[in-house]
A.B. asks: 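Below is a structure I'd like to ask you about.
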Amino acid sequence: MNSFHIVDVFAERRYAGNQLAVFVAAQPLDAAEMQAIARETGFSETTFVNPRPAADGGFSVRIFTPGREVPFAGHPSLGTAHVIRELGLVGPGEGTLILNLAAGRVPVEYVPDGAGDTRPGENRGVYWMTHPEPEFGPAVDRAALAEVLGIAPADIVEDREPLQVSTGLPHIIVPLVSLRALSRIKVSRERYFALIEQTWAKNILAFAPEPHETGNDISIRMFADYLGIPEDPATGSGNGCLLAYLARTRYWGRPEVSIRSEQGYEMGRPSLLHGRAHDRGGHIDVRVGGAVVNVAKGVWGG
């Protein structure tokens, strides 16, 4: 039977975090139909999963934005892993499952309530995703980025270059001086598209080392109009890129990073993302985690 599942990812409660529609297809769909469904759904991403595991034990998953297929994205990976577990497609004792994405095999681990990488006082199970090895591209001109984001060049940290980074989906990482600067961002679509014609990364993630809420570490906003997402309420792939950036540049003076990131506050969908990274010299381990909340489910198709 074909089923669909709507979940909120990187959310501690319903109607927060980033919405995801997961379609479980008993029979294979072609790319055109998956794209049409993703466009009809209208969420930032929609996933399609084959309920039968492959010979290697992984589950085949494809990810679509309203405009195109993408090889990797964070909240679709975690949300899809949650649906696979909820449907009983893996055994109850299996803590880790494998998603076979276009970008490669991505392990997703489930850590039960109050265990593992959660901080004291967190009482909700967390899904953790191991990202592919980070790649680093060239720096991006801060003045051009300031024009795109509608802020002043002085709002970008003076001694930190904005870099292009990918842990599966490239982002331009922009370090800002304050939460106030982050809240003032108003993207110029004309300047955005002019800039990304010249860059490897098409998504822009800006961050400030100030939280809206006590207990969190960093505030984030992410813009990806190229993918049909003017602003995203929670971005696992972008947080993976950010974590790699923080570890590689020794943002806090050390190669290890452990943070709780806020996102989506300006959109009324507050999100909480957990992140760990460690630059071991020649290799950077990156993990992003978050809770997933069920919203609705049903059947689809004829």
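By convention here, the first residue in the shown sequence is residue 1.
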A.B. asks: Going through the distances and angles, do Ile6 and Lys297 end up as a side chain to side chain contact (heavy atoms under 4.5 Å, CB included)?
C.D. replies: CA-CA 6 Å; Ile6 297 174; Lys297 62 183 179 180; over 6 Å; no
A.B. asks: Who passes ring pair (Phe, Tyr, Trp, His ring centres under 6.0 Å) against His278, sequence neighbours left out?
C.D. replies: none
A.B. asks: Quick one: does any side-chain atom of Lys186 pair with a main-chain N or O of Gly150 as donor and acceptor, under 3.5 Å?
C.D. replies: no
A.B. asks: Please report the C-alpha distance between Thr80 and Val49 in whole Å, then the side-chain angles of each, then the deciding distance to 0.1 Å, and finally whether the side chain to side chain contact (heavy atoms under 4.5 Å, CB included) criterion is met.
C.D. replies: CA-CA 8 Å; Thr80 302; Val49 58; 4.1 Å; yes
A.B. asks: Are Val148 and Tyr226 in one and the same hydrophobic cluster, where Ile, Leu, Val, Met, Phe, Trp and Tyr link if side-chain heavy atoms are under 4.5 Å apart?
C.D. replies: yes
A.B. asks: Following the transitive rule for hydrophobic clusters with a side-chain heavy-atom cut-off under 4.5 Å over Ile, Leu, Val, Met, Phe, Trp and Tyr, establish whether Val108 and Ile98 coincide in one cluster.
C.D. replies: no
A.B. asks: Are His171 and Tyr245, when compared by the centres of their aromatic rings, separated by less than 6.0 Å?
C.D. replies: no
A.B. asks: Report yes or no: does Glu158 contribute a side-chain atom to a donor-acceptor pair with the main-chain N or O of Ala154 at less than 3.5 Å?
C.D. replies: no
A.B. asks: Which pairs, with at least one residue in residues 181-209 and sequence neighbours excluded, count as a ring pair (Phe, Tyr, Trp, His ring centres under 6.0 Å)?
C.D. replies: Phe207-Tyr251
A.B. asks: Indicate yes or no: does Arg248 engage Asp279 in a salt bridge with an N to O separation below 4.0 Å.
C.D. replies: yes
A.B. asks: Quick check: is Tyr265 connected to Leu242 through a chain of hydrophobic side chains (ILVMFWY, heavy atoms under 4.5 Å apart)?
C.D. replies: no
A.B. asks: With no hydrogens and no angle check, is any side-chain donor or acceptor of Arg62 less than 3.5 Å from a backbone partner on Thr46?
C.D. replies: no
A.B. asks: May I ask you to check whether Ser183 and Glu266 show a side-chain donor-acceptor distance below 3.5 Å?
C.D. replies: no
A.B. asks: What residues, two or more places apart in sequence or in another chain, satisfy ring pair (Phe, Tyr, Trp, His ring centres under 6.0 Å) together with His82?
C.D. replies: Tyr127
A.B. asks: Between Gly290 and Phe10, what is the shortest heavy-atom contact and its length?
C.D. replies: CA-CD2, 3.7 Å
A.B. asks: Mind listing the closest non-hydrogen atom pair of Thr167 and Ala244 along with its distance?
C.D. replies: CG2-CB, 4.3 Å
A.B. asks: Do Val106 and Thr130 make a side-chain contact, defined as non-hydrogen atoms from C-beta onward lying under 4.5 Å apart?
C.D. replies: no
A.B. asks: Check side chain to side chain donor-acceptor pair (under 3.5 Å) between Gln19 and all other residues, then give those that pass, not counting sequence neighbours.
C.D. replies: none
A.B. asks: Before accepting this row, confirm whether a basic side-chain N of the pair Glu161/Arg142 lies closer than 4.0 Å to the acidic partner's carboxylate O.
C.D. replies: no
A.B. asks: With heavy-atom distances below 4.5 Å as the criterion, would you say the side chains of Leu101 and Pro71 are in contact?
C.D. replies: no
A.B. asks: Tell me every residue that passes ring pair (Phe, Tyr, Trp, His ring centres under 6.0 Å) with Phe23, counting only those two or more places apart in sequence or in another chain.
C.D. replies: Phe48, Trp300
A.B. asks: Between Asp232 and Ser44, is any side-chain donor less than 3.5 angstrom from a side-chain acceptor?
C.D. replies: yes
A.B. asks: Looking only at non-hydrogen atoms, find the nearest pair between Asn203 and Ala224 and report the distance.
C.D. replies: OD1-CB, 3.1 Å
A.B. asks: When you check the gap from the basic side-chain N to the acidic O, do Arg180 and Asp155 get nearer than 4.0 Å?
C.D. replies: no
A.B. asks: With side chains defined as the heavy atoms from C-beta onward, is the minimum distance between Leu89 and Phe59 less than 4.5 Å?
C.D. replies: yes
A.B. asks: So which heavy atom on Ala144 is nearest to which on Leu195, and how close?
C.D. replies: CB-CD1, 4.3 Å
A.B. asks: For Arg276 and Asp285, run salt bridge (charged side-chain N to carboxylate O under 4.0 Å, His left out): C-alpha distance rounded to whole Å, both residues' side-chain angles, the deciding distance at 0.1 Å, then the answer.
C.D. replies: CA-CA 8 Å; Arg276 310 283 186 267; Asp285 300 321; over 6 Å; no
A.B. asks: Evaluate the side-chain hydrogen bond (donor to acceptor under 3.5 Å, both in side chains) criterion for residues Asn239 and Ser261: first the C-alpha distance (whole Å), next the side-chain angles of each, then the deciding distance (0.1 Å), finally the verdict.
C.D. replies: CA-CA 8 Å; Asn239 272 262; Ser261 304; 3.1 Å; yes
A.B. asks: Counting C-beta onward and ignoring hydrogens, is there a side-chain heavy-atom pair between Gln263 and Met222 closer than 4.5 Å?
C.D. replies: yes
A.B. asks: Before giving the answer on side chain to side chain contact (heavy atoms under 4.5 Å, CB included), spell out for Ile218 and Glu262 the whole-Å C-alpha distance, their side-chain angles and the decisive distance to 0.1 Å.
C.D. replies: CA-CA 6 Å; Ile218 275 182; Glu262 300 175 338; over 6 Å; no
A.B. asks: What heavy-atom pair brings Ser237 and Leu169 nearest, and what distance separates the two atoms?
C.D. replies: OG-CD2, 3.8 Å
A.B. asks: Can you list the other members of the hydrophobic cluster that holds Val177, where links are side-chain heavy atoms under 4.5 angstrom apart?
C.D. replies: Val157
A.B. asks: Atom CZ of residue position Arg189 - does it have more than 12 heavy atoms of other residues, nucleotides or ligands inside 6.0 Å?
C.D. replies: no
A.B. asks: Looking at Thr47, Leu20, Val24, which hits side chain to side chain contact (heavy atoms under 4.5 Å, CB included) with His5?
C.D. replies: Val24
A.B. asks: Spell out, as yes or no, whether a donor-acceptor pair under 3.5 Å connects the side chain of Ser219 to the backbone of Glu210.
C.D. replies: yes
A.B. asks: So do the side chains of Pro255 and Arg250 get within less than 4.5 Å of each other, counting heavy atoms only?
C.D. replies: yes
A.B. asks: Would you sort out whether Val257 and Trp252 count as a side chain to side chain contact (heavy atoms under 4.5 Å, CB included), showing the intermediate values?
C.D. replies: CA-CA 8 Å; Val257 178; Trp252 284 293; 4.1 Å; yes
A.B. asks: Write down the atom of Met129, the atom of Gly74, and the distance for their closest heavy-atom approach.
C.D. replies: CE-CA, 3.5 Å
A.B. asks: When you measure from the side chain of Thr41 to the backbone N and O of Phe43, does any donor-acceptor pair fall under 3.5 Å?
C.D. replies: no
A.B. asks: Are Trp128 and His274 side-chain neighbours, meaning at least one heavy-atom pair lies under 4.5 Å?
C.D. replies: yes
A.B. asks: Before giving the answer on salt bridge (charged side-chain N to carboxylate O under 4.0 Å, His left out), spell out for Arg269 and Asp8 the whole-Å C-alpha distance, their side-chain angles and the decisive distance to 0.1 Å.
C.D. replies: CA-CA 10 Å; Arg269 292 197 62 94; Asp8 288 334; 3.1 Å; yes
A.B. asks: Are Arg39 and Phe64 in a cation-pi contact, defined as NZ or CZ under 6.0 Å from the six-membered ring centre and within 45° of the axis?
C.D. replies: no
A.B. asks: Please check: side-chain N/O of Glu256 versus main-chain N/O of Ala277, any donor-acceptor pairing under 3.5 Å?
C.D. replies: no
A.B. asks: Closer than 3.5 angstrom, by distance alone: can the side chain of Ser166 be matched with the main-chain N or O of Gly168 as a donor-acceptor pair?
C.D. replies: yes
A.B. asks: Under 3.5 Å, is there a donor-acceptor pair between the side chain of Asp225 and the main chain of Gly228?
C.D. replies: no
A.B. asks: Test your reading of the model: is there a side-chain donor-acceptor pair from Arg260 to the backbone of Leu272, 3.5 Å cut-off?
C.D. replies: no
A.B. asks: Say whether, by atom type as modelled, one donor and one acceptor occur between the side chain of Glu45 and the main chain of Val70 under 3.5 angstrom.
C.D. replies: no
